[in-house]
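For reference, the structure is listed below as C-alpha cells.
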Amino acid sequence: MKKLLISTALATLMSTAFAATMSTSAFAAKIGVSIVNFDNNFQTLLMHGMQDRAKEKGAGIQVEDAQNDVAKQLDQVKNFIASGVDAIIVTLVDTNASKTISEEAAKAGIPLVFVNLEPSDMKNLPEKQVYVGSNETESGTLEAFEVCKLLRAKGKSAGATAYIVMGSLVHQAALQRTKDVEQVFATDMCNFIKITDKQSSEWARDNAQNLMTNWLTAGPAPDAVIANNDESAIGAILALKANGVDMKNVVVGGIDATQDGLQSMKAGDLAVTVFQNAKGQGGGGVDAALALAKGEKVDRVVYVPFELVTPANAADYLSKN
C-alpha cells in the first residue's frame, strides 16, 4: 500500500512538473517582428509597444528593420520561419505584398499578425492570421471635419483652399485617410474647401517640408494643410514658417498624436491631430500572436479606436504615445 501511495504521489509530482514546463514553454514563446522602418516615428512607437508587452508576458521578441524594402521584409519573414519562431508580426512596407507574406507563413503553419497597416487581402486571411490596427475611415474623417469646423470659425465658409500631404501610396492607410478627407470636403457643410493639390511625402517630415516649399513657390499659402500623419504635418509647418507664413492664418491637421505632434500643437502650430494608440496596437499585436501560438481563437480583425485631439484636450495625451 505504501508503494502504491508513493507511486501515485510521484506520478502527481511528475504530472505537475510537466504541466509547469509546458506552461513555461508557452509563456516563453518567441516572436519575430518586421517593422516598416525604424526611422518612422510612429513605427518606432509601435515597436516599443510590442517590446513592452512581450517583456510583460515573458515572451522573447526579435525585431528587424525592413528599411522600407519589400524584398528585405520578405527575407526577414522567411528567416523567422527558418529559425522556428512561434509567431510573426509584420507592419507592412507595401500593402500589396501582404499576400506573399501571408502565403509563406501559412505554408509553415506559423501564426501571423499584421499590425497597423492593413493587408490587401484582409477579408481572405488564412487561419491563424489576423489584423490588429485602427479603422482608417475614422482617422481622416475626424481630422477633416475638425479642419472644416475651424475654417468656418475663421470666417472662411465663402471659400477656402487646402493641400493634402499623403503618406506612402502603397499603404492602405494613406489612401483611406485621403479618401476620408475628400469625402468630408464633398459634404454640404464643407464643400467650400477646394483641394488645390495632393502629393505623397512617404510619411516623412523632410519630404513634406520640401513638398510644401514647392507649393509655396508655385502659389499663395493655403488656408489649410491636411496631412496623413503628424510627421508630415510638422514638415509642412516648418516650410510655412520658413516662408514667413503666419500660422494663425493656416489650419494644419495631422494624425497619430505623437509627442512631436503634441508639442507642435502646444506651440500653436498644429491645430488638430487624431490619436492613434501605438501602445494599444503594438501590445494588441503581441497579445494576438501569443494567443494564436497557443492555439486560441482570435478575431480576424481587432480594432483600436481613433480619438480626436485638439488644444482643449491635448494634455490628456502627452503620456499616451
Count the heavy atoms of every other residue, nucleotide or ligand shown that sit under 6.0 Å from CD of Glu127, and state whether that count exceeds 12. no
Report yes or no: is the cationic atom of Lys156 (NZ for Lys, CZ for Arg) closer than 6.0 Å to the six-membered ring centre of Phe192, at no more than 45° off its axis? no
If we count only N and O atoms by modelled type, under 3.5 Å, do the side chains of Glu231 and Asn40 hold a donor and an acceptor together? no
Mark yes or no for whether Ser83, through its side chain, and Phe80, through its backbone, hold a donor-acceptor pair below 3.5 Å. yes
We want to know whether Thr196 and Thr161 form a side-chain donor-acceptor pair, criterion being a heavy-atom distance below 3.5 angstrom. no
Do Glu146 side-chain atoms and Val272 backbone N/O form a donor-acceptor pair below 3.5 Å? no
Determine, step by step, whether Asp230 and Arg205 satisfy the side chain to side chain contact (heavy atoms under 4.5 Å, CB included) criterion, reporting the C-alpha distance in whole Å, the side-chain angles of both residues, the deciding distance to 0.1 Å, and the verdict. CA-CA 8 Å; Asp230 285 351; Arg205 184 182 301 196; over 6 Å; no
Is the distance between the ring centroids of Phe114 and Tyr131 under 6.0 Å? no
Separation of Glu136 CD from Lys179 NZ (nearest 0.5 Å): 13.0 Å
Could you check Leu240 against Val252 for side chain to side chain contact (heavy atoms under 4.5 Å, CB included), going step by step and ending with a plain yes or no? CA-CA 10 Å; Leu240 288 163; Val252 180; 4.2 Å; yes
Are a donor atom and an acceptor atom from the side chains of Asp256 and Gln276 found within less than 3.5 Å of each other? yes
Please check if any side-chain donor atom of Ser168 sits under 3.5 Å from a side-chain acceptor atom of Glu202, or the reverse. yes
What pairs meet the salt bridge (charged side-chain N to carboxylate O under 4.0 Å, His left out) rule with one or both residues in residues 105-125, with sequence neighbours excluded? Glu104-Lys107
For Asp197 and Trp215, test the side chains for any donor-to-acceptor distance below 3.5 angstrom and give the result as yes or no. yes
Quick one: list whatever passes side-chain contact (heavy atoms from CB on, under 4.5 Å) with Ala242, sequence neighbours left out. none
